[in-house]
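In this text, all values refer to a predicted model and were calculated from it rather than measured experimentally. Protein chains get the first letters and strands the later ones, always in sequence-line order, with residue 1 at the start of each.
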Amino acid sequence: MKKQILIFLLMVTFSVIAPLKAFSVDENNPTAQTVIARSDAVRNPDKPFQMNIRLTEYVDGSERNQIILGVYSKVDAASGQFKNLVRYMEPPRDSGKTVLMNGTTMWFYDPASKTSVRISPQQRLLGQASEGDVVTVNLAKDYSAKLVGNADGETLYDADRTPKKCWHVDLSPINDGAIYGRAEYWVEKGTYRPVKGKFYSDSGRLLKITYYHKYVEQLGAQRPSEIIIIDAVNSKLVTTMNTYGLRAKEIPNSWYQRDFLPRLELE
Amino acid sequence: MMRRWIQLLFFLCFFLCFLDFQQVWADGTDDENSDLNLIPGTLARPVESETSSDTNSSLSGKAFIEDALTGWSNRSGLLVPAPTRNPSWQNRTSLDLDYKWQFDERIKFGLSDRLNGYEGDTIPFPSNGSTRNDFREGLLSYEVFPRTYLEAGRINLKNGTALGYNPTDFFKTRTMVDIVSIDPSALKEDRLGTVMIEGQRLWDNGSLTLAFAPKLQTETPLLITPTASFNPLFGQTNSANRFLASMSYDIAGLSPQALIFFDRIGTHVGANLSRVISSSIVAYVEWSGVSEANLTNRAVEFGKNTGTLPSGAPAVPQPDSSVTFQNDLAFGASWTSSSKLTINLEYHYHQAGFNGTDFNRWLSLGSANSILAREVWFVRQYAADQQEPLMQHEFFVRFDYPDVIQSKLNLGAVAFISPYDGSVLAQASAQYFLSRKLTLGAYLSGALGSPGSEKGSLPWTTSVVLRAVWYL
């Protein structure tokens with residue numbers, strides 16, 4: 001009888017501890033998927049928010065163009081992925097243009113013609129810093145991650161040329177929402193801050209190199225306020241993406257549809 | 001000999017090892033940092049300078065001054081002589097405003113207007129035809145409850161998913177005021193709104209829209225020639241009571257929309273939907289149907305009602321006056337390449353339009369005598385005013401190539417292709433962004449085809465538009 005009780009207690013103990021063990025994160029040896037998920041949490045607030053983005057394009061080191069955007073982002077409860085509304089504020093010729101991105105449902109609204117046109121996921125990649133770059137994305141929802149390189153991490157310089165010990169993660173798309181065909185990602189060990197990314201087309205061509213830069217306190221956490229995007233196809237082209245005015249905002253789900261686009265006004 | 005082979009093999013192994021080492025080195029951390037050298041040293045911008053003031057204005061919109069100089073090369077020896085002389089050049093200078101004022105959280109006022117000055121070989125300057133104001137929109141919007149809106153005024157209410165022809169865009173008729181580009185998406189920029197009361201309710205995944213446009217003025221004739229006017233043209237946009245109800249609900253990624261529309265013709269029903277087929281392809285379809293007479297009979301009736309055609313004018317070239325259920329359809333797809341080029345290909349079906357026999361009759365009757373020529377041209381002008389295709393079948397293709405030079409140059413082209421005779425109405429365009437405020441544009445159009453073809457029977461062969469836009 002004692003033996004049976006002992007076996008029963010062991011089974012209960014195992015059944016309780018085993019799941020706990022499975023859900024716990026070993027801070028020294030997290031899984032690749034955990035690295036990406038924790039890194040997403042550094043970039044993205046955990047509540048609906050509004051922010052502004054200033055895109056500055058440089059050609060051969062000289063500033064050529066500047067675009068200012070307003071972005072409303074919110075996690076879709078069903079998919080766990082962000083849905084985004086992007087409104088152009090400058091330059092004047094683009095003012096009022098609006099892009100809705102909700103999974104693969106994407107619409108482009110032009111205030112000049114007052115019409116909305118459905119666009120394909122490929123059109124997110126247009127532009128040096130595309131709509132796909134300016135929207136908020138949880139990489140862990142769209143990509144499967146695999147740690148590559150040295151198990152102890154790799155030493156990599158950030159944009160300030162400060163050495164960082166990083167996990168090197170390879171990302172492969174797992175659904176149609178993934179913007180890129182493949183990505184490499186470097187995340188600082190311990191802080192889970194993204195340091196660098198390399199993004200590839202479906203054919204394997206390197207498209208963009210990104211550096212996550214200027215970490216400042218934004219909406220309760222240290223987040224990158226600048227992303228430097230190097231065009232890998234034409235390396236003379238570099239774009240900086242500065243985020244500012246990040247603040248929590250209650251955003252109704254009804255905003256994320258075609259008929260709301262003409263009504264979106266930035267606050 | 002054997003020794004030489006061993007030496008060669010050793011050298012080859014060494015070379016391959018060297019290459020492999022080079023590759024390993026290239027893949028290593030040192031190389032991974034080399035792209036830091038691509039970051040310009042001048043890009044530092046202090047974060048502190050960023051403020052949220054960009055978004056705090058209650059006024060949003062834009063204003064610009066535009067100048068568009070158009071030249072036409074006119075066709076000689078038309079089989080059906082055109083009723084009016086086609087200009088050979090025209091210049092338009094416009095002040096364009098499109099603003100919204102947010103009075104408080106719930107109330108908003110919108111104004112969209114363009115003041116034009118014209119001169120050309122058919123419009124002496126100054127004269128009655130040299131000034132025109134296009135009052136496109138003026139509306140008051142009130143959010144009665146969260147996501148429930150009530151609006152009143154002149155409103156540009158548009159529907160449809162296709163680019164070249166929108167059967168479900170029911171308020172498009174008689175709204176076109178000027179043509180810079182034959183591209184339908186550009187035509188939509190310059191169209192008049194309709195005076196209406198509109199209510200809209202948005203839910204999480206769908207919406208319901210109701211709109212009533214009252215009759216404000218008796219129907220006015222076609223504007224064949226430009227006339228001096230600050231007339232808001234309610235006789236074009238509000239000459240009958242009309243009612244629209246539309247409902248959309250996003251399901252299975254199709255974004256469907258169903259519509260019902262009442263006007264003096266009868267009850268129109270319509271639907272449109274679209275779907276992402278792959279990461280680079282979007283397909284869309286749009287349909288509407290109504291019991292109505294064919295294009296010619298509607299045009300002739302309109303001409304008689306407005307006094308443009310005599311009461312005894314015959315219905316040519318489509319004599320059949322029966323009223324039957326007529327379908328309108330547009331379906332197509334867009335494809336986007338990795339190099340940013342987007343191509344749209346569409347097919348348009350307009351059952352009430354001309355078939356090949358009708359068009360041949362248009363040619364033979366119109367070339368027979370000048371009175372009939374004027375009437376058959378009137379049918380064609382009526383179709384353009386209604387923004388409906390002349391023919392039953394049509395193909396449409398559009399190329400859009402933005403950022404050919406990053407942030408500087410966009411290229412585009414559109415073409416309407418007649419499957420009856422292969423004639424083409426085409427346009428190539430270029431837009432160059434000289435600065436943040438100044439955009440230069442050029443449009444080259446051609447009506448290509450034999451004199452007896454649909455597009456080749458137009459009174460011009462080529463046109464060039466040079467355009468400059470200065471944003472204020």
* Asked: When you measure from the centre of the six-membered ring of Y284(B), is the NZ or CZ of R275(B) under 6.0 Å away and within 45° of the axis?
  -> no
* Can R263(A) be said to sit on top of Y149(B)'s aromatic six-ring, NZ or CZ under 6.0 Å from centre and within 45° of the ring axis? -> yes
* Structure fact -> Most heavy-atom pairs under 4.5 Å with chain A, out of G206(B), G160(B), S334(B), belong to G206(B)
* To do: Pick one of side chain, backbone, both or neither for N205(B), based on which atoms fall under 4.5 Å of a heavy atom in chain A.
  => backbone
* S207(B) portion near chain A, given a 4.5 angstrom heavy-atom threshold -> both
* V148(A) and V169(A): CA distance, side-chain angles, deciding distance, side chain to side chain contact (heavy atoms under 4.5 Å, CB included) verdict -> CA-CA 6 Å; V148(A) 293; V169(A) 183; over 6 Å; no
* Asked: Does the pair E217(A)/R223(A) count as a salt bridge with the N-to-O cut at 4.0 Å?
  -> no
* Structure fact -> Interface check, chain A: of L36(B), V276(B), L38(B), most non-hydrogen pairs under 4.5 Å belong to L36(B)
* Under a 4.5 Å heavy-atom cut-off, does chain A meet the side chain of D400(B), its backbone, both or neither? -> neither
* Heavy atoms only, distances under 4.5 angstrom: which of V282(B), D35(B), V469(B) has the most pairs with chain A? Name it, please. => D35(B)
* So, R154(B) side chain and G193(B) main chain: donor-acceptor pair closer than 3.5 Å or not? -> yes
* Asked: Can you tell me how far the CD atom of Q387(B) sits from the NZ atom of K172(B), to the nearest 0.5 Å?
  -> 7.0 Å
* Relative to chain A, which segment of L202(B) carries a heavy atom at a distance below 4.5 Å: side chain, backbone, both, or neither? -> both
* Measure the spacing between CZ of F260(A) and OG1 of T98(A) and express it to the nearest 0.5 Å. => 9.5 Å
* Listed by residue number, which members of residues 246-253 of chain B have a heavy atom under 4.5 Å from any heavy atom of chain A? -> S248(B), D250(B), G253(B)
* To do: Over 60° means perpendicular and under 30° means parallel, so classify the ring planes of Y185(A) and Y212(A), tilted if in between.
  => perpendicular
* Structure fact -> Rounded to the nearest 0.5 Å, the CZ atom of R54(A) sits from the OG1 atom of T239(A) at a distance of 14.0 Å
* **Under 4.5 Å from a heavy atom of chain A, the part of E143(B) involved** => neither
* Which is it for W107(A) and L261(A) under the side chain to side chain contact (heavy atoms under 4.5 Å, CB included) test, yes or no, and what are the steps along the way? -> CA-CA 9 Å; W107(A) 291 89; L261(A) 300 185; 3.8 Å; yes
* With only heavy atoms counted, which part of F64(B) is less than 4.5 Å from chain A, the side chain, the backbone, both or neither? -> neither
* Test log, rule side-chain hydrogen bond (donor to acceptor under 3.5 Å, both in side chains), inputs S225(A) and T243(A) -> CA-CA 5 Å; S225(A) 66; T243(A) 59; 5.5 Å; no
* To do: Under 4.5 Å heavy-atom distance to chain A, tell me which part of T161(B) shows up: side chain, backbone, both or neither.
  => side chain
* **Region of N150(A) in contact with chain B, defined by heavy-atom distances below 4.5 Å** => neither
* Asked: Does any non-hydrogen side-chain atom of N242(A) lie less than 4.5 Å from one of I53(A)?
  -> no
* State the CG-OH distance between N52(A) and Y244(A), to the nearest 0.5 angstrom. => 4.5 Å
* **chain B contact via R258(A) - side chain, backbone, both or neither, heavy atoms under 4.5 Å** => side chain
* Under 4.5 Å heavy-atom distance to chain A, tell me which part of D204(B) shows up: side chain, backbone, both or neither. => both
* To do: Check whether any side-chain heavy atom of K74(A) sits under 4.5 Å from a side-chain heavy atom of Y256(A), and report yes or no.
  => yes
* Asked: Among P91(A), A112(A), P111(A), A232(A), which has the most heavy-atom pairs under 4.5 Å with chain B?
  -> A112(A)
* R436(B) versus chain A, heavy atoms under 4.5 Å apart: side chain, backbone, both or neither? -> both
* Asked: Given that the side chain runs from C-beta out, which part of E105(B) has a heavy atom under 4.5 Å from chain A: side chain, backbone, both or neither?
  -> neither
* Asked: Taking atom types as modelled and ignoring hydrogens, do the side chains of N272(B) and Q257(B) form a donor-acceptor contact shorter than 3.5 angstrom?
  -> yes
* Asked: Which bit of S201(A) comes within less than 4.5 Å of chain B, counting heavy atoms only: side chain, backbone, both or neither?
  -> neither
* Step-by-step side-chain hydrogen bond (donor to acceptor under 3.5 Å, both in side chains) determination, Q200(B) to T209(B) -> CA-CA 4 Å; Q200(B) 188 175 57; T209(B) 304; 2.9 Å; yes
* Structure fact -> Applying a strict 4.5 Å limit to non-hydrogen atoms, the region of L254(B) in contact with chain A is backbone
* Identify which of R64(A), H168(A), K198(A) forms the greatest number of heavy-atom pairs closer than 4.5 Å to chain B. => R64(A)
* Using a 4.5 Å cut-off on heavy atoms from C-beta on, say whether the side chain of I155(B) contacts that of E151(B). => yes
* Proximity breakdown for Y471(B) and chain A, heavy-atom pairs closer than 4.5 Å -> side chain
* Measure S141(B) against the heavy atoms of chain A and call it side chain, backbone, both or neither at under 4.5 Å. => side chain
* **Pick from P252(A), A159(A), S116(A) with the largest number of heavy-atom pairs that fall under 4.5 Å of chain B** => P252(A)
